[in-house]
There are 2 protein chains.
Amino acid sequence: MVLLDLLGRRMALRILWELSKAQAPLTFRALQEAAETNPSVLNARLGELRDADVVEHDGEGYRLAAQGRSLVTVIRPLHAWAERWASRSGKESATASQLAIGKRARRK
Amino acid sequence: MVLLDLLGRRMALRILWELSKAQAPLTFRALQEAAETNPSVLNARLGELRDADVVEHDGEGYRLAAQGRSLVTVIRPLHAWAERWASRSGKESATASQLAIGKRARRK
DNA sequence: CGGGATCCCCGACGATACTG
DNA sequence: CAGTATCGTCGGGGATCCCG
């Protein structure tokens with residue numbers, strides 16, 4: 001589906017997240033470090049996010065576009081759900097997954 | 001991330017979607033056809049969704065569990081965003097992506 | 001009908017070197 | 001510093017067969 005096509009990729013949400021935390025635009029390298037990823041993936045994601053009008057690039061660096069900000073808004077509840085979900089009933093964990101936004105847990 | 005770990009897989013959302021549309025529980029085969037997928041993937045997803053307490057299985061078939069229903073609730077806004085996004089500015093499309101819930105668009 | 005077992009393949013990702 | 005190019009790998013997903 002279109003939606004996951006954009007957000008389901010490796011660093012998409014993470015990038016959104018980092019940008020939403022940043023007060024000022026982030027440079028390519030800054031983002032790279034913040035998101036703990038490598039140039040190729042970062043570049044790929046930025047490309048997609050950019051022409052989805054979710055992220056924009058001005059002289060200073062990358063920042064959320066209007067679309068991106070509204071997206072973050074709508075994502076937050078999901079995120080909240082995920083937190084509740086992560087720390088549900090039996091299953092322990094919930095420790096490292098507090099933020100639930102990051103790299104896809106490497107499955108064994 | 002945990003969240004995408006569950007929902008980012010190939011038929012996860014699609015399954016949720018189909019189940020949320022169904023009034024009665026769906027059988028394995030019914031789901032398989034509804035979601036247009038194959039046994040292996042369906043089975044994999046059902047397993048994950050089931051032990052995430054998002055989907056449950058009674059004698060009649062599969063249905064959303066409480067968690068699942070709340071998830072659908074929280075997903076809906078996202079879905080709405082995706083629709084607006086899909087039919088934004090320049091880019092045409094928006095035709096096949098109306099529902100925006102389905103298989104990951106084969107890129108090429 | 002439910003669903004486990006196999007097999008194969010392709011594409012996403014990771015690392016890293018390189019250019020402007 | 002920004003971004004591109006290259007290459008190898010690894011795992012998820014598709015198809016299918018088949019058994020209880």
Side-chain angles (χ1 to χ4, degrees), chain A residues 1-19 22 24-52 54-65 101-108, chain B residues 1-19 22 24-65 68 101-108:
Chain A
M1 66 168 276
V2 195
L3 208 180
L4 285 186
D5 224 25
L6 179 65
L7 303 181
R9 347 269 297 174
R10 191 90 221 266
M11 283 315 218
L13 273 183
R14 175 66 174 270
I15 290 171
L16 275 195
W17 203 247
E18 297 300 340
L19 286 181
L26 293 177
T27 69
F28 190 90
R29 306 278 169 167
L31 245 185
Q32 183 182 330
E33 285 169 28
E36 303 172 289
T37 187
N38 58 310
S40 25
V41 170
L42 178 58
N43 192 242
R45 279 320 80 83
L46 281 179
E48 297 158 7
L49 291 173
R50 219 176 341 168
D51 65 41
V54 163
V55 158
E56 57 188 14
H57 184 223
D58 59 8
E60 316 308 313
Y62 295 91
R63 61 168 67 198
L64 290 181
I101 296 283
K103 47 184 58 170
R104 211 179 202 100
R106 271 275 137 248
R107 55 190 56 257
K108 161 63 39 39
Chain B
M1 65 166 281
V2 195
L3 208 180
L4 285 186
D5 225 24
L6 179 65
L7 303 181
R9 346 270 292 177
R10 191 90 221 266
M11 283 315 214
L13 274 183
R14 174 67 174 268
I15 291 172
L16 276 195
W17 203 247
E18 297 300 339
L19 286 181
L26 293 177
T27 69
F28 190 90
R29 305 275 171 166
L31 246 184
Q32 183 181 330
E33 284 168 29
E36 302 172 290
T37 187
N38 57 309
S40 26
V41 170
L42 178 58
N43 191 34
R45 279 320 80 82
L46 281 179
E48 298 159 8
L49 291 173
R50 220 177 338 169
D51 65 41
D53 302 315
V54 164
V55 158
E56 59 187 14
H57 185 223
D58 59 8
E60 316 308 313
Y62 295 91
R63 59 169 68 198
L64 290 180
I101 295 283
K103 47 183 58 171
R104 212 180 201 98
R106 275 270 141 248
R107 62 187 56 258
K108 147 49 53 9

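The basis for the numbers below is simple: all heavy atoms, side chains too, and nothing from hydrogens, waters or symmetry mates. Order of the sequence lines fixes the chain letters, A, B, ..., with proteins taken first and strands second; residue numbering starts at 1 for each chain.
- As a whole-Å value, the separation of Ile15(A) CD1 from dG3(D) C1' is 14 Å.
- Spacing between atom CG of Asp5(B) and atom C1' of dC13(C) amounts to 15 Å, rounded to whole angstrom units.
- Two residues are said to be in side-chain contact when any heavy atoms from C-beta on lie closer than 4.5 Å; Ile15(B) and Tyr62(B) fail this criterion.
- If you check residues 24-31 of chain B against DNA chain D, you find no residue with a heavy atom closer than 4.0 Å.
- Atom-to-atom, CZ of Arg9(B) to P of dA12(C) comes out at 16 Å; the value is rounded to the nearest Å.
- Rounding to the nearest 0.5 Å places CD of Glu18(A) at 8.0 Å from CD of Glu36(A).
- One atom, CD of Glu48(B), and another, C1' of dG12(D), lie 10 Å apart when rounded to the nearest Å.
- Ranking dA5(C), dG3(D), dC13(C) by closeness to the Ser40(B) side chain, first place goes to dA5(C).
- The shortest distance between side-chain heavy atoms of Leu31(B) and Leu19(B) falls below 4.5 Å.
- Of the possible polar contacts, none joining the Arg45(A) side chain to the Leu13(A) backbone as a donor-acceptor pair under 3.5 Å is found.
- At whole-Å resolution of the value, CG in Leu42(B) and P in dA15(D) are 14 Å apart.
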Show me the donor-acceptor pairs, under 3.5 Å and distance only, between side chains in residues 54-61 of chain B and residues at least two apart or in other chains.
residue: Asp58(B); atom: OD1; partner: Glu60(B); partner atom: N; Å: 2.9
residue: Asp58(B); atom: OD1; partner: Gly61(B); partner atom: N; Å: 2.9
residue: Asp58(B); atom: OD2; partner: Arg63(B); partner atom: NE; Å: 3.2
residue: Asp58(B); atom: OD2; partner: Arg63(B); partner atom: NH2; Å: 3.0

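- Distances shorter than 4.0 Å separate none of the side-chain N or O atoms of Asn43(A) from OP1 or OP2 on dG3(D).
- When the P atom of dG2(C) is taken as reference, atom CD of Glu60(B) falls 12 Å away, rounded to whole Å.
- At the phosphate of dG3(C), OP1 or OP2 sits under 4.0 Å from a side-chain N or O atom of Tyr62(B).
- Summary of the strand contacts: Pro39(B) and Arg45(B) both lie near DNA chain D, and taking for each the nucleotide with the nearest heavy atom, the more 5' one is attributed to Arg45(B).
- Rounded to an integer number of Å, the gap from CG of Leu46(A) to C1' of dT4(D) is 14 Å.
- A donor-acceptor pair is defined here as one N or O able to donate and one able to accept, closer than 3.5 Å; such a pair exists between the side chain of Arg14(A) and the backbone of Ala34(A).
- Taking atom CG on Asn38(A) and atom P on dA12(C), their separation rounds to 15 Å, with Å as the unit.
- Under the side chain to side chain donor-acceptor pair (under 3.5 Å) criterion, Asn43(A) pairs with no residue, sequence neighbours left out.
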